[in-house]
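See structure below.
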Amino acid sequence: MTTPPSPSPSPSPPMPPRLLMGPGPINAHPRVLQAMSMQLVGQFDPSMTAAMNETMALYRQVFRTDNEHTLLVDGTSRAGIEAALVSLLEPGDRVLVPVFGRFGHLLVEIAERCGAEVHTVEVPWGEVVPDEAVEDAVRRVRPRLVAAVQGDTSTTMCQPLAGIGEICRREGVLLYVDATASLGGNPFETDAWGIDVASAGLQKCLGGPSGSAPITIGPRAVEAIEGRKHVEAGLRTDDDRPRGTRIASNYLDLAQIMDYWGPRRLNHHTEATTMLYGARACAQVLLEEGLDQAIERHRLHGTAMLEGVRGLGLEVFGDVEHKMTNVVAVHIPDGVDGDAARTAMLEDFGIEIGTSFGPLHGKVWRIGTMGWNARRDAVLTTLAALEAVLRAAGVPVTAGGGTGAASEVYS
Ligand SMILES: *Cc1c(COP(=O)(O)O)cnc(C)c1O
């Protein structure tokens, strides 16, 4: 009889060096990694509560908001999305979701699990939803909440939100936005655009690991969420449904999480200290550079990558006018096995680029330039490697076509 090999008791060797040029996660900024190696302190240690307050203040700047309740949900970006939806939505509430990619469908699924009546306004992948389509749907559906994605990495599109915010204000509808893919690399204005709740993650333009979800909650949303604390109040709405039903999650109950982060410091979960160090460092690195400068850096390197893949003779997917700055989807040339090429990028060059989902599966690669990897050397190295891989796959690429086109953007 053979026994299965037992796991090694000695420390694991380091992970292989990789350049992560997919749609996320990306290589974390060295200062973020350094911050995450700091020693722990107690949950209510004055230095910890000070760090929490500082993190709130930093993320108010990142989200461009005065919202007092700007904090971290412990978990990946989806924990932030679920916290927002499960805390805002009561069974039977109508929700409208503009769907232009995979993450719109995720909002639909989560809202359905909250017992909401979900309506969608959909466009083909590669487009964004026009304001008029949202306005018509809001008038028809009369939702309590519009839940939208800003940047959908599945299609690379960036949904304009200023108009939707205005419609929601005018019609008295709450607006939630998932800004995970876009925040820090594309303009995002919580207050100026009238967004009630927005959430994100660290592993895209913020240059950190996944595992913490910054979220901001505006006054109208706070009121709606706090109203659900009085479970037995039996408040009735005009359509005679009981309001104030209990939030169906303890971990993701924003009313409790706000009380934990707020001046009352009511114990809820144990804050994920190491993730908080990381999230705080992400915001510090970003704000030290300057939010506008960081967005401009993403625009520059994203444009260089876009022109670079075009210089290799590849065709870009979707409405480029509405593309996020930080990721580009490129059609896989005829006759090339997309997954084999990605494997060659990884094994021969240590570079990861992204595959695709749903209708785009096997048709496009997604190449990111985000966070710490929105850099000239990362762009040029990726383009040089891609040229070699394409040539090996039999594609007639112009020598130096990718790096040349990118260099022109830089000069
Ligand atoms: C990448 C991404 C996420 C990621 O969610 P995780 O839970 O962190 O995996 C969520 N929303 C959008 C729009 C994204 O692009």
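Both backbone and side-chain heavy atoms feed into the values below; hydrogens, waters and symmetry mates do not. Ligands are counted one by one from 1 in listed order, and the atoms in each one are counted from 1 as well.
Remark: the Thr369 side chain and the Asn326 side chain contain no N/O donor-acceptor pair separated by less than 3.5 Å. There is a side-chain donor-acceptor pair under 3.5 Å between His119 and Glu117. No side-chain donor-acceptor contact under 3.5 Å links His268 and Tyr251.
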After noting the C-alpha distance and the side-chain angles of Asp74 and His269, does the key distance pass the side chain to side chain donor-acceptor pair (under 3.5 Å) rule?
CA-CA 9 Å; Asp74 291 350; His269 59 289; 3.2 Å; yes
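Taking a cut-off of under 4.0 Å to the non-hydrogen atoms of Ala181, the atoms of ligand 1 that pass are 15 (O). Set against the non-hydrogen atoms of Val149, the atoms of ligand 1 under 4.0 Å away are 13 (C).
Of all protein heavy atoms, the one lying nearest to atom 9 (O) of ligand 1 is Gln203 NE2, 3.9 Å. Of all protein heavy atoms, the one lying nearest to atom 7 (O) of ligand 1 is Thr76 OG1, 2.6 Å. Shortest contact from atom 12 (C) of ligand 1 to any protein heavy atom: Asp178 OD2, 3.4 Å. The protein atom (non-hydrogen) at minimum distance from atom 10 (C) of ligand 1 is Phe103 CE2, 3.4 Å. The protein heavy-atom contact nearest to atom 4 (C) of ligand 1 is Ser77 OG, 3.6 Å. Atom 1 (C) of ligand 1 has as its closest protein heavy atom Lys204 NZ, 1.4 Å.
Within a 6.0 Å sphere centred on CZ of Arg376, other residues, nucleotides and ligands contribute 12 heavy atoms or fewer. Heavy-atom neighbours of Asp337 CG from other residues, nucleotides or ligands within 6.0 Å: above the threshold of 12.
Under the 4.5 Å side-chain criterion, counting only non-hydrogen atoms from C-beta, Tyr260 is in contact with Gln43. At least one side-chain heavy atom of Leu254 sits less than 4.5 Å from a side-chain heavy atom of Ile215.
Considering both main-chain and side-chain atoms, Ser210 never comes within under 3.5 Å of ligand 1 through any nitrogen or oxygen pair. Considering both main-chain and side-chain atoms, Asp152 never comes within under 3.5 Å of ligand 1 through any nitrogen or oxygen pair.
Under a 4.0 angstrom heavy-atom cut-off, Gly151 registers as being in contact with ligand 1.
Contacts between Gln150 and ligand 1 below 4.0 angstrom, taking non-hydrogen atoms only, are absent altogether.
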